[in-house]
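Some notes on the structure that comes next.
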There are 4 protein chains.
Amino acid sequence: MQLGMIGLGRMGANIVRRLMRDGHEAVVYDVNADAVATLAAEGATGSESIGDLVGRLQTPRVVWLMVPAGLTGSIVDQVAPHLEAGDILIDGGNSNYRDDVRRAAALADQGIRFMDIGTSGGVFGLERGYCLMVGGPDDAYRTIEPILATLAPGAGEIERTPGRTGELAPEERGYLHTGPSGSGHFVKMVHNGIEYGIMAALAEGLNILHNADAGIRSGEHSAEVAPLEEPEYYQFDIDTAKVSELWRRGSVISSWLLDLSAAALHANPTLDGLAGRVSDSGEGRWTVKAAVDVGVPAPVLAASLFERFASRDEDHFANQVLSAMRLQFGGHQELPTGDVLEAGGSPS
Amino acid sequence: MQLGMIGLGRMGANIVRRLMRDGHEAVVYDVNADAVATLAAEGATGSESIGDLVGRLQTPRVVWLMVPAGLTGSIVDQVAPHLEAGDILIDGGNSNYRDDVRRAAALADQGIRFMDIGTSGGVFGLERGYCLMVGGPDDAYRTIEPILATLAPGAGEIERTPGRTGELAPEERGYLHTGPSGSGHFVKMVHNGIEYGIMAALAEGLNILHNADAGIRSGEHSAEVAPLEEPEYYQFDIDTAKVSELWRRGSVISSWLLDLSAAALHANPTLDGLAGRVSDSGEGRWTVKAAVDVGVPAPVLAASLFERFASRDEDHFANQVLSAMRLQFGGHQELPTGDVLEAGGSPS
Amino acid sequence: MQLGMIGLGRMGANIVRRLMRDGHEAVVYDVNADAVATLAAEGATGSESIGDLVGRLQTPRVVWLMVPAGLTGSIVDQVAPHLEAGDILIDGGNSNYRDDVRRAAALADQGIRFMDIGTSGGVFGLERGYCLMVGGPDDAYRTIEPILATLAPGAGEIERTPGRTGELAPEERGYLHTGPSGSGHFVKMVHNGIEYGIMAALAEGLNILHNADAGIRSGEHSAEVAPLEEPEYYQFDIDTAKVSELWRRGSVISSWLLDLSAAALHANPTLDGLAGRVSDSGEGRWTVKAAVDVGVPAPVLAASLFERFASRDEDHFANQVLSAMRLQFGGHQELPTGDVLEAGGSPS
Amino acid sequence: MQLGMIGLGRMGANIVRRLMRDGHEAVVYDVNADAVATLAAEGATGSESIGDLVGRLQTPRVVWLMVPAGLTGSIVDQVAPHLEAGDILIDGGNSNYRDDVRRAAALADQGIRFMDIGTSGGVFGLERGYCLMVGGPDDAYRTIEPILATLAPGAGEIERTPGRTGELAPEERGYLHTGPSGSGHFVKMVHNGIEYGIMAALAEGLNILHNADAGIRSGEHSAEVAPLEEPEYYQFDIDTAKVSELWRRGSVISSWLLDLSAAALHANPTLDGLAGRVSDSGEGRWTVKAAVDVGVPAPVLAASLFERFASRDEDHFANQVLSAMRLQFGGHQELPTGDVLEAGGSPS
C-alpha cells in the first residue's frame, strides 16, 4: 500500500526502505532536501512540502510522522489542515502518550484518525524489523496492518511460546494493536522503563564483579570508607567481558541487553574513554510518574532512573548536605577548606 | 572421560545423561537407590556408597557433588577421606562461595583439588546445555575441560559478538574458568542477583500495564489512597500476555525471562491461583551483602530482593509502625479496633 | 486584624480559635451550620453564606479557605466573584502547588491576590502553633504577617541555631515567605515527602529490631525462604517500645516522629489491631514526581512511597508475575492450584 | 562508684569528665601519656599501663574500653589476662555486635562479665549526656547502673510520653538494658542505620528544593537530559537555610538532624567547599546486612547507604556499562574519544 513519511532521519528513512523492499509505495518529505533526494534515488516519491506530500497521496491517506518528540505537536498542526475526514495520521516518534490522548481527541473532531505507534528496534530495525506497539481506532489499525506486517520482524527463528498453536497472532509477528489512542506509546513507555531496570541490573551486577578484587586492593580508600571486613573473600580478578559473553549461553539472564554488554566489553574491556554520565530520555521518567499515579510500587524502575540522575552528579547538593550534617556531628562550626573526610571520622 | 556423580536429583541426573550422550562414562551414587538404578539402566555404573563410588573411579578421580547447598559440607566431609592427592572434587550446587574458599583451602592440605561450578540452566539444561562458571586451580580446570565442553550449550545459533574472530573461546561455548576457588560460585551468585533485578523490572512494568485501567476503575480505593488525579490518562485495558509476547520480537528487552513471562501469561492471563508470595534462595541475598561489603551501590538488586521479602509480608511490623504513627498524628490515643483508614485522612 | 475563614473542620476551627485567643477577629462560614454556631459561641462572627461572609469583611478583605483539596477549586470559583481588586484569598489546605500557580495567575487578572499557605502541625497546632510555608505576592504577605505571627509556634524553647543573632527572623518564629504563588505548597509538599522518608527509616529500623529474634524462631519459614545462615547472631528479644523511648534522649535520631513512635508502641507494644495498610496523601506522590521532573535522585523518598503502595498489596500482580516466572523455571506448564512454594524450590 | 577507662580520645575523656562531675571516681589509661596527664589534672587517677590501671581498681573491677573498633579485639586480649572472675569489661566503642557475641562467650569462660554499650551523642555528650544501649548479663548491668545513670541525659525537658506515669523508667532517663551480650551494639547499629535513612530523606528533600528553579535554568543541560517538560512549575528560588530553620518549629519532621541541617545551611548557605563525598562507618552496612539476613525489607536504609557509595563514585563502572550499552544501541562499533552524549540521543 501507499504511505507518506514526514521525517527522514535514520529511523524514518529506514522505515521507508523496509517498506519499499516489500513492495510498498512511499511518498517522502523532510526539511532536509538531501534526505528526500537520497530516498527518491532509492525509489520513493519525493515531495517539496507537507502540502505537496499530502497532495500526492490517495485517499484515505496514511501519513507517518517520524520526527523528534519536541517537534511532533508543531508538525501535526502543519499537516492536519491538509488532511480530510477518514485520513490516518500516525505518530511513530517517542511522544508522551498523554499528548496522543489529547491530539487524538482534537483530530477526531476533524474526522482524522490519529494513531500512535511505539517503535523499538533502533538502528537494527532495517534488517531485523521493528517491534510495533500500535494505539488508535480499530478501523484505522485494520487499514494499516499491511504496513505493520512489513515493518515488524515476523516470527523469525524465535521459539514459539508453548501452548500457542495455529496461525501466528500479530504479536507473534512483532506488532500489536494495544488499544485506543495513547496506548501504543504507553506500552512503549513502560517498555523503556523496563529497559532501564534491566540495564541497571546488569550494570550493578557487573560492577560487583568488577570490584570482586577489593580484598587485593584493600587499604586504598581507608580514610574514606569503612574498611573491608573480610578481605579474604574478595580476592577475585573477574574478567567481565568473558563473563558477559558466557552468560549469553544457557543462562537465565540471556537477553539482548546482555548481548550488547558483551559486545561493548569485548571491544573495550576497561571501558576507557567512557565518562559514565548516563543520559535519559522521557520514557523512563514517565514510567515512574505513571507508577506513582496509579499507585503501584516500582522501586526497581525508579532506582534505575535515579542512578542515571546520580551519574550526572544531580545528587551533588544532597551529598553536600550529608557532609555538612556530618561536620556538625563533629562539633565543628567552621567549614573545612580542604579535607571533608577527617570530620567524617567522628562517629555519631 | 570418566566422572563420579554424587546426588541424582533432577540436576545431577540430567548432567549425567548429557555426559553419557556425548560418550563420557559415569559412576553414580545417591542415597535413593531407585535414582541409582534408573541411571544404571540408562548406561551409568551404579554404586552403593560413597566409598564404592570412589573405588570405581580411575585416578586422578573426578567427583562431582550435586546436592542441596545445606548438605554440601557434610557430603564433602564424607567423600574427602576416600580421595587421595591429585583427585578433583567438584561442588556443582548452589553453595555460598565463601564456603568454597574455606573448603578449597582445607582440602588443599590433603592435596585434593577442589572446584566450584556455578550452573545455570535449570530443567532445560539437559537439552540446551548448562552455563558453567568454574572456579578452582588451573590444572584441575584443564583436566575437566572435556566434561565442561559437553555440558555447556556450545555456540548454538547465537549470533557471534562483533569483533570476536577465530576459534571459539570457552565462554562462547558456554563455560568459563573464572579464577581461583570460590570465583565460580561468586559469578553465579551475581548472575542470580542480576536475575532478581531483571525479573523485578519485568514484573513492575507488567504491573503498571496491568493497572493502566486505573481511570476506569477509579473510585474503588477512594477511602484509602490519594485519588487518581487525571483518570483520563489511565483508560487502557492492556493485554499483558499479548504485550509480553510482542516484546519477544525486535524489542530492546527481549530476553529469556521475557520468554518465560510470555509463556506464563499465555497459559494463565490473569495469573489466577498464584498467591504472589515469592521465595528467594541465598544468592540474591549474598549478592546484596557482597555489594555492601565492597562498597558499590546496588539499589536495583537490593530493591528486587526486598520486594520478595515484602511479598511474603515481612514488612508487616514496619507497616504497622507507620499506621501507628499516623494515628498519633490524628491525636487518637486509643487504637482502633477496626478501621485504620479514617485516621489516615488526617493530614499532617 | 480581621480574617474570614471558610471551612470549619478541625484545622479551620482551631486556626480561628488560635487567632481569637490572640485578639484577632474572625468571620466564619461552613456548610455545616453547627460548626458555625460553635465558633460563634466562642466569639467569632458567624455567616450564612460565602457572600454573607465576604460582605462582613473590611477591605482589603482576607479570606482563608481551609477545605479538602478536592473542593478547593470549586470554592475558589464561588468566592472569587464576591471579591474585588486588592482582596487576599488564601488556600491553607493541602492543594497541589500546580493548582496554586494556575489559580494565582487567573485571579491576578481580577486583581485578587492569591496566597498558598502550607500548614504543618495537625491536631497539635491549636496549642503548639502551626508551621507555615507561605507563597504569594510580597505585599499580600506583609499584609497578613500579623496573622502568621499568631498562628506560628513562635521561638518557644527551641535552642537557637548557632550563628543566628539579633532579632528573631520569621522562620525562627515558625513562618516563612517562601516566594511567589505555589512556593508555599511546594515547600510543604517536599516537607511531607521528607516525612514519608523519615517515617519509613524509623519503621524499617524498628522492624529489624522486631526480627532480631529470628534465630530463636528459625525453622518457621523454612519452605519459603532461604534459611537463616547464622542464627547465633539473631537471638535478641528487643523491646521496641523501650528502645524508641530511649532514643528520644540524647540520640542522633531524636525527632518528633520518634516521639510518636514511642507513644504508639508504649500504648500498644505489639501494635495489635493495626492492619498495616498505610494510606498516602498526594504530597508524597507529588514530591517524587517533582524529583523526576527536575532530574534529581530521590531513592529514599520514592522507596518510602512505594512501601506504602506495597502495604496495600498494590504489588500483587507484580508478585504473581514473579511466581509465574519461577514456575516456568521449574518447567511446569500447568499452574498449581494450591502451593506455589514447592516450585520456588527449583533453583535457577 | 569507680571506673577504669582505657582510651582517652574525645569520647573516652568526656565520659570520664561527666562521671567525675557527678562524684564518680576514675582510673584512666591511654597510649598517649599527655591524654592521661590532662585527665589526671582534672581529678582522675592516671596509670601507666593496662596492668597498672587494673591494679588500681577495686574488685569487682569495672573497665570501660573506648577505643577505635579496629583495635578493640587486641585491647580486650591485653586486658583480659589482668582481670579475674567477676570483673566487668565494657566495650563502649563502635564494635560490630557479632564480635561482642563471640567475645562475651570467650570471656565468660574466664568468669569475666563482658558488656557492650552502644553510645550515641557525639561531642555534645559531655553536656547533654549520652544515649546508652547496654547489652550483657543482668547482674553486671545492675552493678554499673549508677554509672549509666550519670552518663545518660536524664529526663531533661523532654515531654513525657503519654500514658507513662510513676517513677521514670531507665529508658526515660536515657539508658536501657537491651538484653544479652551483643544486643547493645545491635540496637546502636540499627540506630545508625535509621540515622542514615533520616539524613538521606532530609538531603533528598533539600535537593529538590534546591532545584525548584529548574524552569528558570532550563536549557542548561539540554544535550544530556530529557528537557524539563513544564518549566512554568519550577520557577522557585527557595532558600534552603531558611526553610530548614522554619521546619524546626511545629513541623512534623522536626528533629535533631534537621537542627544540624539548619545550622550547617545557616553557616554556609551554598555549602561551598564541601565536596559531597560522604563517608560511611560500619553500622549502616551492618544494618543492611542484618535486614538481608533476617529477611525484612529495608529499601530506605539500603538506598541511603548506596547513595553514600555513589557519592564517592563507587558507581563509576556501572555507569560506564550503561553508557557502553547505549552506544551499542546506536550501532557504533567504535568507542568515542570524547563526547559520549551524542549517542545517548539515539532512542531505543
Side-chain angles (χ1 to χ4, degrees), chain C residues 98 101 120-121 128-131 153 158 161-163 171-172 174 176 179 183 186-187 190 193-195 197-198 200-202 204-205 207-209 211-212 214 225 233-234 236 242-243 245-246 248-256 262-263 266-267 290-291 294-296 298-301 303-304, chain D residues 98 101 120-121 128-131 153 158 161-163 171-172 174 176 179 183 186-187 190 193-195 197-198 200-202 204-205 207-209 211-212 214 225 233-234 236 242-243 245-246 248-256 262-263 266-267 290-291 294-296 298-301 303-304:
Chain C
R98 292 175 168 235
V101 172
S120 183
R128 298 193 188 173
Y130 301 92
C131 181
I158 295 168
T161 290
E171 63 268 23
E172 293 183 276
L176 180 68
S183 66
F186 188 91
V187 172
V190 174
I194 294 172
E195 172 193 317
I198 296 178
L202 288 164
E204 290 180 7
N207 195 17
I208 296 170
L209 292 183
N211 285 278
V225 305
Y233 293 122
Y234 298 99
F236 304 127
K242 290 184 178 173
V243 167
E245 183 66 41
L246 172 72
R248 298 180 67 214
R249 285 171 183 82
S251 102
V252 171
I253 64 172
S254 58
S255 55
W256 195 58
H266 178 72
V294 300
V296 303
V300 159
L301 305 190
S304 66
Chain D
R98 293 176 167 233
V101 171
S120 184
R128 297 195 188 171
Y130 301 92
C131 180
I158 294 168
T161 291
E171 63 267 24
E172 293 182 278
L176 179 68
S183 66
F186 188 91
V187 172
V190 173
I194 293 171
E195 173 193 317
I198 295 178
L202 288 164
E204 290 181 7
N207 196 17
I208 296 170
L209 292 182
N211 285 279
V225 304
Y233 294 123
Y234 298 99
F236 306 126
K242 290 184 178 171
V243 167
E245 182 66 42
L246 173 72
R248 298 180 67 213
R249 285 172 182 81
S251 102
V252 170
I253 63 171
S254 56
S255 55
W256 194 58
H266 178 73
V294 299
V296 304
V300 160
L301 305 190
S304 65

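Predicted model, so just to flag it, every value in this text is computed and none were measured. By convention in this document, chain letters (A, B, ...) are assigned in the order of the sequence lines, proteins followed by strands, and residues within each chain are numbered from 1.
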Item to complete: Check the pair C:Thr161 / D:Arg248 against side-chain contact (heavy atoms from CB on, under 4.5 Å), numbers first and verdict last.
Response: CA-CA 10 Å; C:Thr161 290; D:Arg248 298 180 67 213; 2.8 Å; yes
Discussion item. Just so I know, are the side chains of D:Cys131 and C:Arg249 near enough to count as touching, which here means a heavy-atom distance under 4.5 Å?
Written reply: no
Worksheet item: At a heavy-atom separation under 4.5 Å, does D:Arg98 approach chain C through its side chain, its backbone, both, or neither?
Response: both
Fill in: Largest heavy-atom contact set with chain D, pairs under 4.5 Å, which of C:Ala212, C:Pro153, C:Ala290
C:Ala290
Worksheet item: How far apart are the closest heavy atoms of D:Val294 and C:Asn211, and which atoms are they?
Response: CG1-O, 3.6 Å
Worksheet item: At what distance, to the nearest 0.5 angstrom, does CG of D:Leu301 lie from CG of C:Leu202?
Response: 9.5 Å
Worksheet entry | Minimum-distance pair of heavy atoms, taken over all atoms of C:Val190 and D:Gly205 | CG1-O, 3.3 Å
Worksheet item: Does D:Glu204 reach the main-chain N or O of C:Val300 with its side chain, forming a donor-acceptor pair under 3.5 Å?
Response: yes
Worksheet item: Any side-chain heavy atom of C:Tyr233 within less than 4.5 Å of one from D:Val101?
Response: yes
Fill in: Best-contacting candidate, C:Ala291, C:Gly197, C:Ser183, C:Ser304, against chain D by heavy atom pairs under 4.5 angstrom
C:Ser183
Worksheet entry | Gap between atom CD of D:Glu195 and atom OG of C:Ser251 - 0.5 Å precision | 8.5 Å
Worksheet item: In terms of heavy-atom pairs under 4.5 Å with chain D, which of C:Gly163, C:Gly179, C:Gly193 leads?
Response: C:Gly163
Practice prompt. Looking only at non-hydrogen atoms, find the nearest pair between D:Ala303 and C:Pro299 and report the distance.
Written response: CB-CB, 4.0 Å
Discussion item. Tell me whether D:Ser120 contacts the main-chain N or O of C:Val252 through its side chain, where contact means a donor paired with an acceptor under 3.5 Å.
Written reply: yes
Worksheet item: Which one of D:Val243, D:Val296, D:Leu246 has the most heavy-atom pairs closer than 4.5 Å to chain C?
Response: D:Leu246
Worksheet item: Can you tell me how far the CD atom of D:Glu171 sits from the NE2 atom of C:His266, to the nearest 0.5 Å?
Response: 9.0 Å
Worksheet item: Would you call the rings of D:Phe186 and C:Phe236 parallel, tilted or perpendicular if under 30° counts as parallel and over 60° as perpendicular?
Response: tilted
Worksheet item: So how far is it from D:Ile198 CD1 to C:Ile198 CD1, rounded to the nearest 0.5 Å?
Response: 5.5 Å
